[in-house]
Engineer: 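Here it is, the structure in full.
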Amino acid sequence: MGDQDIRAALDRHWAASEAGDDDAEDEIYHDDVVLEYPQSGERIRGRLAIRTTRGLLPNKHFVIRRIMGHGDLWITEYVITYDGKPSYTVSIMEFREGKVFRETQYFADPFAPWPGRAQWVERIDQ
């Protein structure tokens with residue numbers, strides 16, 4: 001599977017995530033995929049377990065900021081919003097045989113700007 005094919009699979013995956021289409025969302029995963037959330041210390045094994053746990057989270061929305069990658073390593077930077085609260089997220093996906101076999105996701109809540117650097121920064125519209 002080439003880079004264009006993987007990018008198309010990622011586009012389908014994230015669009016399905018936003019639409020709540022569980023069938024299309026989990027097509028990207030190997031049956032024996034491992035998903036890790038380092039900040040909470042959780043590891044989820046298997047496509048079915050990922051699908052089940054994600055289905056427990058209502059009112060989620062995704063805004064993709066960028067997708068970058070080559071070969072078997074791809075990174076998606078996005079904002080996921082649960083019940084109106086945004087979390088800035090990075091997903092690192094490792095592919096094998098055209099499917100994700102390992103994913104790591106990092107989450108960060110928004111925070112107030114630090115006044116000490118105000119003269120050197122510009123504000124980004126969220």
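The shown structure was predicted, so the numbers you read here are calculated from the model rather than taken from an experiment.
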Engineer: Given side chain to side chain contact (heavy atoms under 4.5 Å, CB included), test Asp23 with Arg51 step by step and report yes or no.
Structural biologist: CA-CA 9 Å; Asp23 292 332; Arg51 179 179 180 147; 2.6 Å; yes
Engineer: Looking only at heavy atoms, what is the nearest atom pair of Pro38 and Tyr106, with distance?
Structural biologist: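 Nearest pair, atom of Pro38 first, then Tyr106: CG-CE2, 3.5 Å.
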Engineer: Taking all heavy atoms of Ser87 and all of Asp109, pick out the closest pair and write down the distance.
Structural biologist: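 Closest approach of Ser87 to Asp109: OG-OD1, 3.9 Å.
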Engineer: Would you say Val90 ends up clustered with Ile50 if hydrophobic residues are merged whenever their side chains have heavy atoms under 4.5 Å apart, either directly or through other cluster members?
Structural biologist: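 Shared cluster, no.
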Engineer: Can you find a pair of side-chain heavy atoms, one from Glu94 and one from Asp72, that are under 4.5 Å apart?
Structural biologist: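 Counting from C-beta outward, Glu94 and Asp72 never come under 4.5 Å.
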Engineer: Taking all heavy atoms of Pro86 and all of Val79, pick out the closest pair and write down the distance.
Structural biologist: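 In terms of heavy atoms, the two residues are closest at CB-CG1, 3.8 Å.
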Engineer: Passes side chain to side chain contact (heavy atoms under 4.5 Å, CB included), Val63 versus Thr81? Steps please.
Structural biologist: CA-CA 8 Å; Val63 175; Thr81 304; over 6 Å; no
Engineer: Flag the pair Tyr37 / Ile44 as yes when at least one side-chain heavy-atom distance between them is below 4.5 Å, and no otherwise.
Structural biologist: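 The answer is yes; the side chains approach within 4.5 Å.
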Engineer: If I compare all heavy atoms of Met93 with all of Ser91, which pair ends up nearest, and what's the gap?
Structural biologist: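 Scanning both residues, the minimum pair turns out to be CG-OG, 3.7 Å.
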Engineer: Can you sort out the partners of Arg117 under side-chain contact (heavy atoms from CB on, under 4.5 Å), two or more places apart, ordered by chain and number?
Structural biologist: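 Checked Arg117 against side-chain contact (heavy atoms from CB on, under 4.5 Å); matches are Phe111, Trp114, Trp120, Val121.
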Engineer: So, the side chain of Arg47 versus the backbone of Asp26: is there a donor-acceptor pair under 3.5 Å, distance only?
Structural biologist: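 Yes: the side chain of Arg47 pairs with the backbone of Asp26.
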Engineer: Check this for me: does any side-chain nitrogen of one of Arg96 and Asp32 sit under 4.0 Å from a carboxylate oxygen of the other?
Structural biologist: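 Salt bridge: yes.
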Engineer: With sequence neighbours left out, write down each residue that passes salt bridge (Lys or Arg N to Asp or Glu O under 4.0 Å) with Glu36, or none if nothing qualifies.
Structural biologist: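 Here the qualifying residues are Arg43, Arg102.
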Engineer: When hydrophobic residues are tied together by side-chain contacts of less than 4.5 Å, even through go-betweens, does Ile92 share a cluster with Trp14?
Structural biologist: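 Ile92 does not cluster with Trp14.
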Engineer: Taking Asp3 for the side chain and Gly71 for the main chain, is one N or O donor matched with an acceptor at less than 3.5 Å?
Structural biologist: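 At least one qualifying donor-acceptor pair exists.
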Engineer: Between Glu18 and His61, do the side chains contain an N or O donor and an N or O acceptor separated by less than 3.5 Å?
Structural biologist: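 The answer is yes; a qualifying pair exists.
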Engineer: How long is the span from the OG1 atom in Thr76 to the CD1 atom in Ile67, to the nearest 0.5 Å?
Structural biologist: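 Answer rounded to 0.5 Å: 4.5 Å.
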Engineer: So, for Val33 and Val100, which heavy atoms are closest and what is the spacing to 0.1 Å?
Structural biologist: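 Closest heavy-atom pair between Val33 and Val100: CG2-O, 3.5 Å.
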Engineer: How many angstroms lie between CG in Asp5 and CG in Leu10, if you round to the nearest 0.5 Å?
Structural biologist: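 Separation between the atoms: 11.0 Å.
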Engineer: Would you call the rings of His13 and Tyr29 parallel, tilted or perpendicular, taking 30° and 60° as the class edges?
Structural biologist: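 Answer is perpendicular, since the angle exceeds 60°.
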Engineer: Relative to the ring of His30, is the ring of Phe101 parallel (under 30°), tilted (30 to 60°) or perpendicular (over 60°)?
Structural biologist: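 Perpendicular, since the angle between the ring planes exceeds 60°.
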Engineer: Indicate yes or no: at least one non-hydrogen side-chain atom of Ile80 is less than 4.5 angstrom from one of Phe107.
Structural biologist: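 Yes, close enough: below the 4.5 Å cut-off.
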Engineer: Would you indicate whether Gln4, at its atom CD, is surrounded by more than 12 heavy atoms from other residues, nucleotides or ligands within a distance under 6.0 Å?
Structural biologist: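 Check fails, neighbour count at 12 or below.
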Engineer: When you measure from the side chain of Gln105 to the backbone of Thr89, do you find a donor-acceptor pair of N or O atoms at a distance under 3.5 Å?
Structural biologist: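 Absent.
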